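Contents: one structure, followed by commentary.
As the structure is a computational prediction, the values presented were derived from the model and not from experiment. Atoms within each ligand, like the ligands themselves, are counted from 1 in listed order.
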Amino acid sequence: VRAGNVLLFDCGEGTQFRLLHAGLKRSRVEAIFVSHFHGDHFFGIMGMVTTLSMLKRYAPLTIVAPAGIRDIMHCIPGLVEEALSFPLHYVEIEETFEHGVVYRGADFWVEARPLEHRIFTLGYRYQERDRPGNLDVALARTLGISAYEDFRALKAGVSVRRADDSLVHPGDVVVGGRKGRIFSYCSDTRPCGTGVLLARDADLLYHEATFEASLQQRAIETGHSTTLEAAQVAREAGVKRLIMGHFSARYKDTGNLVREAQQLFEAAEAADELKRYALSDIES
Ligand SMILES: [Zn+2]
Ligand SMILES: [Zn+2]
């Protein structure tokens, strides 16, 4: 959740229910990012768009997805743009796409890159703009800074030299700034270089880990990742936290999967649900 708005990364069938369950209003969804056209990742969109229109939403909604999403939606007469209560924008991404910004919000942007799965699949990286802090003018004065140009320089991140030749650094007098947070979404995929690029220095990486480490051959055949492979991506990318999901139905309990990943990457945990990712999950 950012300033009241919700972004969805993939939209499986149960997404609406889970949003409600998480206390997030469906009406606040501003964009949906679809990774690929396997049912568990996008079948929820039709229901979501239908509900939003029935709720008489008027704010625009953007759907970012592999090319073809508009045709899929148009198979259902009630989902053509003219039939809806709100403007629906599509960003369709061709299979030749390599990298770029696919969506811009008020103070964030989302980049995409292709992943390695059985069909064309996109991974996403959400990144907030760094928020500059405020200059504590009173504090700066006590440190002997009084010229307007010096205030400006400090606020812009430049150190200032005092009369006695010592330096005052921005960190001494600028308070409340915050580095923009980064969330990366990689599902479904083999571990790959583009995944690492998407995840670089992320605060939170969601990476699929469909199989336990000993089933690597199965992971290769099906275009998925094992726990150790997800952990390896997290490690290479230098992320702070790894959330794994998309576990094969054969696993009733994810404890062993998490322990496997933690051998390589300590801050690994299991998501309780794979199909939606609200950004509230990086609030903390
Ligand atoms: Zn898939
Ligand atoms: Zn899947």
Side-chain angles (χ1 to χ4, degrees), residues 7-19 31-48 63-69 71-73 91-97 102 110 112-126 183-196 198-199 204-213 215-234 242-254 257-258 260-261 268-278 281:
L7 307 180
L8 292 179
F9 292 90
D10 278 341
C11 190
E13 271 185 282
T15 302
Q16 288 198 60
F17 173 75
R18 273 189 298 280
L19 276 179
I32 303 173
F33 301 83
V34 176
S35 61
H36 66 301
F37 294 144
H38 279 155
D40 52 324
H41 296 261
F42 82 105
F43 279 177
I45 287 197
M46 295 82 173
M48 176 75 73
I63 296 177
V64 181
I69 184 73
D71 289 346
I72 292 171
M73 298 289 276
V91 177
E92 296 195 285
I93 299 175
E94 302 291 337
E95 298 202 8
T96 51
F97 178 85
V102 293
V110 177
R113 291 179 189 270
L115 297 173
E116 289 176 22
H117 191 42
R118 302 199 298 280
I119 58 172
F120 180 60
T121 298
L122 291 161
Y124 294 102
R125 174 187 174 93
Y126 159 91
F183 165 70
S184 305
Y185 180 85
C186 295
S187 190
D188 300 349
T189 188
R190 291 287 301 139
C192 55
T194 49
V196 173
L198 286 168
L204 178 67
L205 163 65
Y206 173 91
H207 198 289
E208 71 130 286
T210 306
F211 298 107
E212 64 196 77
L215 294 182
Q216 190 185 36
Q217 196 48 43
R218 185 95 188 95
I220 293 170
E221 285 159 18
T222 55
H224 287 297
S225 300
T226 67
T227 51
L228 285 183
E229 289 171 333
Q232 182 62 33
V233 171
L242 165 66
I243 293 196
M244 300 180 297
H246 202 268
F247 305 117
S248 159
R250 76 186 72 202
Y251 303 113
K252 300 284 167 274
D253 169 42
T254 56
L257 299 169
V258 172
E260 274 188 352
E269 54 199 285
D272 40 288
E273 197 52 79
L274 88 112
K275 288 158 190 156
R276 69 133 181 109
Y277 245 87
D281 294 304

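Taking the six-membered ring where the residue is Trp, F211 and H224 present perpendicular rings, their angle passing 60° and hence far from 30°.
Ring to ring, F37 and F42 are close: their centroids are under 6.0 angstrom apart. Aromatic ring centres of Y185 and Y124: separated by at least 6.0 Å.
Of all N, O or S atoms in H246, the one lying closest to the Zn ion (ligand 2) is NE2.
For Q232, the side-chain hydrogen bond (donor to acceptor under 3.5 Å, both in side chains) criterion is met by E236, not counting sequence neighbours.
Note on the Zn ion (ligand 1): protein N, O or S atoms under 2.8 Å away count 4, no waters included.
Between F9 and the choices F183, Y206, Y126, the ring-ring contact (aromatic ring centres under 6.0 Å, His included) rule is met once, by F183.
Using a 3.5 Å distance cut-off with no hydrogens or angles, the side chains of H246 and H207 do not pair a donor with an acceptor.
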